[in-house]
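The structure displayed is predicted, hence computed values, not measured ones. We use all heavy atoms of the structure for the numbers below, so side chains are in, but hydrogens, waters and symmetry mates are not. Just so it is clear: chains get the letters A, B, ... in the order the sequence lines come, proteins before strands, and each one is counted from 1.
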Amino acid sequence: MSSVNYRSIKGTKDILPTESPLWQFVESTIRSVFHQFNYKEIRTPIFESTSLFARSIGELTDIVGKEMYTFQDRSGDSITLRPEGTASAIRAYIQNNLGEALPLTKVYYLGPMFRQERPQAGRLRQFHQFGAEAIGSPTAETDVEIIAMTIEIYKRLGLTQYTLQINSVGDEECRPKYKEILRTELQKIAGSLSTESQKRIDQNPMRVLDSKDENDQKLTAGMPLITDHLNEECAKHFDRVKSLLTAYGIPFTVNGRLVRGLDYYTKTAFEITSTELGSQDALAGGGRYDLLVKELGGKQTPSVGFAAGMERLMMILEKKGFQTPIQRPKVFIAAADDAARQWVLTTTMVLRSRGIASECDLLSRSLKSQMKEADRQRAEFALVVGQMELDGGKAVLKNLTDHTQQDILLSDIVGFLNK
RNA sequence: GUGGCCAUAGUUCAGUCGGUUAGAACGCCAGGUUGUGGCCCUGGAGGUCGUGGGUUCAAAUCCCACUGGUCACCCCA
């Protein structure tokens, strides 16, 4: 390890030239799935008013409570680097009156998010998420479109070791009632629960059921689940989601203990986890949030969306040895002697301007070194040009893949390589 | 915020019981008859052994602190 003066901030990572092709490939695959589902990209600012996130994500969540990158700008306003994408998308939806132009707005986003957590496998402080929002539809059909689209992205990228879990977290009518029932039950065994879970009984009893603590799991094994306490509307909606998933041939398991971390979810909640990841095994999560738009000052607008982590997806693809087509020059033009260097440079420029990816030596290297470089760059062809070729008007074009070579008129190069 | 593990060439790693010029592989550079890559051969460059203290005749090796990395808890995508 070299002792460098500057390092990237803890929890941030450089995506290096050797890695960016995979990112670009994955990003374009994600985009094409979104486009096929007719979701359009929305690009919102990377920072917003702190209050936007506090209001939407929930004052009591860890994200808002202790993980946001919040600072005062020079005018004293409280600014926060976005910790997730939904709040910004909804803010933009309301601010730009998108709901007035269309009954249903389908948008997606892809970009960096920021949370000041302790880094570990699959978790960074600047990380990347992609996600989508269908704003303006109350139907189970929309929930399932979102879920199907998420699954389709993973299928498209060749993932197989993932599972879809779904739940319904009820609405503003049935959830409070259920929470009360659960709270009463939990209070009976409070003393035996982990301290973390004890704290949650009051604030967020549903999280106790989601505890990773084995003992907590045992103790709460027989507890009432929200799926048994949904009101008629929520139950009907949930049934419809399940039957549509089945109709679409998407396997799922119902997990009555699944809770989403953000406060704004209602009815459908889902999570996709992978067995190919470490402790941080959630690949994507999402659900319905019928109250959020109104909460942020818009009209009552039922909506559903999801968010997924790029780095976790990358980890799986890298582990599987996923290969992307490499970026390589069509031709490397090598100068056999100094007399030809000028011609080589200008010809390389001409080829590039004709749309042919070309490379030549910029380091005044020997012919042998240039050929090695051509090979290292995986150029398809190498053209060797010296004074002799310039005088004769033709040169040797070598195919570096099948090792054949042929004479070619210097005036024919553009035409040949353009084929 | 809490805890475990780790730190030696560009990279991945060896380095015995503490013993004097710190190694390998890959990568990089240069050659292998004067104009041709990949394979092969030869040679070369490249290290304050993370930093600072301590123990010792002697520290990459033992001890402490710090820094950084990493994994896990928590939480979440």
Name the nucleic acid region contacted by His128(A), choosing base, sugar-phosphate or nothing; use a 4.0 angstrom heavy-atom cut-off, strictly under.
-> nothing
With a non-hydrogen cut-off below 4.0 angstrom, is Lys10(A) in contact with a base, only sugar-phosphate, or nothing?
-> sugar-phosphate
Could you tell me the separation between the CD atom of Gln165(A) and the P atom of A77(B), rounded to a whole number of Å?
-> 14 Å
Aromatic ring pairing Phe306(A)/Phe34(A), orientation class (parallel under 30°, perpendicular over 60°, tilted between) | tilted
Ignoring the backbone of Arg123(A), work out which of A72(B), A77(B), U36(B) is nearest its side chain.
-> A77(B)
On RNA chain B, more 5' by nearest nucleotide between Val384(A) and His403(A) is Val384(A)
Taking CG from Asp281(A) and P from A77(B), how many angstroms apart are they, rounded to a whole number?
-> 12 Å
Knowing that exactly one of Val241(A), Leu244(A), Ile146(A) qualifies, which makes a side chain to side chain contact (heavy atoms under 4.5 Å, CB included) with Glu141(A)?
-> Leu244(A)
From C76(B), A30(B), U36(B), nucleotide with atom closest to Gln405(A) side chain | U36(B)
Touch check for Gln280(A), heavy atoms < 4.0 angstrom, all strands: base, sugar-phosphate only, or nothing?
-> base
Looking at every strand, decide which applies to Ala382(A) at a 4.0 Å heavy-atom threshold: base, sugar-phosphate, or nothing.
-> nothing
Just how far, in rounded Å, is C1' of G38(B) from CE of Met371(A)?
-> 10 Å
Please give, in whole Å, the distance from A77(B) C1' to Ile153(A) CD1?
-> 13 Å
Of G35(B), A77(B), G38(B), the nucleotide closest to the side chain of Arg115(A) is A77(B)
Within the modelled atom types, does a donor on one side and an acceptor on the other bring the side chain of Gln120(A) and the base of C74(B) under 3.5 Å apart?
-> yes
Between Thr220(A) and Arg257(A), does any side-chain donor sit less than 3.5 Å from a side-chain acceptor?
-> yes
Would you mind reading off the distance between Leu124(A) atom CG and A77(B) atom P, rounded to a whole angstrom?
-> 15 Å
Looking for any heavy atom pair under 4.0 Å, which part of the strands does Phe127(A) touch: base, sugar-phosphate only, or nothing?
-> base
Begin with the C-alpha distance, continue with both residues' side-chain angles, and end with the deciding distance and a verdict on salt bridge (charged side-chain N to carboxylate O under 4.0 Å, His left out) for Arg376(A) and Glu373(A).
-> CA-CA 5 Å; Arg376(A) 177 165 34 207; Glu373(A) 188 63 33; 2.7 Å; yes
Give one of base, sugar-phosphate or nothing for Ala336(A), where a contact means two heavy atoms less than 4.0 Å apart.
-> base
Checking all strands, does Leu400(A) fall into the base, sugar-phosphate, or nothing category for heavy-atom contacts under 4.0 angstrom?
-> base
Give Arg376(A) one of three labels, base, sugar-phosphate or nothing, depending on what nucleic acid heavy atoms sit under 4.0 Å from its own.
-> sugar-phosphate
Of all the nucleotides listed (G35(B), A30(B), A77(B)), which has the minimum atom distance to the side chain of Gln129(A)?
-> A77(B)
Sort out for me which residue in Leu397(A), Val331(A), Leu409(A), Ile356(A) forms a side chain to side chain contact (heavy atoms under 4.5 Å, CB included) with Phe416(A).
-> Leu397(A)
Can you figure out which of G37(B), U36(B), A72(B) approaches the side chain of Arg118(A) most closely?
-> A72(B)
Donor-acceptor pair under 3.5 Å, Glu389(A) side chain vs G35(B) base = yes
Specify the residue among Gly122(A) and Ser279(A) whose closest nucleotide of RNA chain B lies further upstream toward the 5′ end.
-> Ser279(A)
Distance in angstrom units between Arg328(A) CZ and G37(B) P, rounded | 19 Å
Which of Pro302(A), Cys234(A), Ser168(A) passes side chain to side chain contact (heavy atoms under 4.5 Å, CB included) with Arg288(A)? Answer is Pro302(A)
No-H, no-angle donor-acceptor pair, Lys398(A) side chain to G37(B) base, under 3.5 Å = yes
Please work out whether G38(B) sits syn or anti, treating a glycosidic angle within 90° of 0 as syn.
-> syn
Between U11(B) (C1') and Asp14(A) (CG): distance, integer Å = 16 Å
If the C1' atom of U67(B) is compared with that of U55(B), how far apart are they to the nearest Å?
-> 23 Å
Classify the nucleic acid contact of Met113(A) as base, sugar-phosphate or nothing, counting any heavy atom under 4.0 Å across all strands shown.
-> nothing
Heavy atoms under 4.0 Å, any strand shown: does Arg207(A) hit a base, just sugar-phosphate, or nothing?
-> sugar-phosphate
Take atom P in G4(B) and the same atom in C41(B), then report the distance between them in whole Å.
-> 48 Å
What's the CG-P distance between Asp391(A) and G35(B), to the nearest Å?
-> 16 Å
Contact class for Arg260(A) vs. all strands (heavy atom < 4.0 Å): base, sugar-phosphate, or nothing?
-> sugar-phosphate
Given the side-chain rings of Phe270(A) and Phe252(A), with only the six-membered ring counted for Trp, is the space between their centroids under 6.0 Å?
-> no
Have a look at Ser369(A) and say if it touches a base, only the backbone sugar-phosphate, or nothing, with a 4.0 Å heavy-atom cut-off.
-> sugar-phosphate
Report yes if the distance between the aromatic ring centroids of Phe37(A) and Tyr108(A) is under 6.0 Å, otherwise no.
-> no
Out of G37(B), C76(B), U36(B), which has the shortest distance to the side chain of Lys372(A)?
-> G37(B)
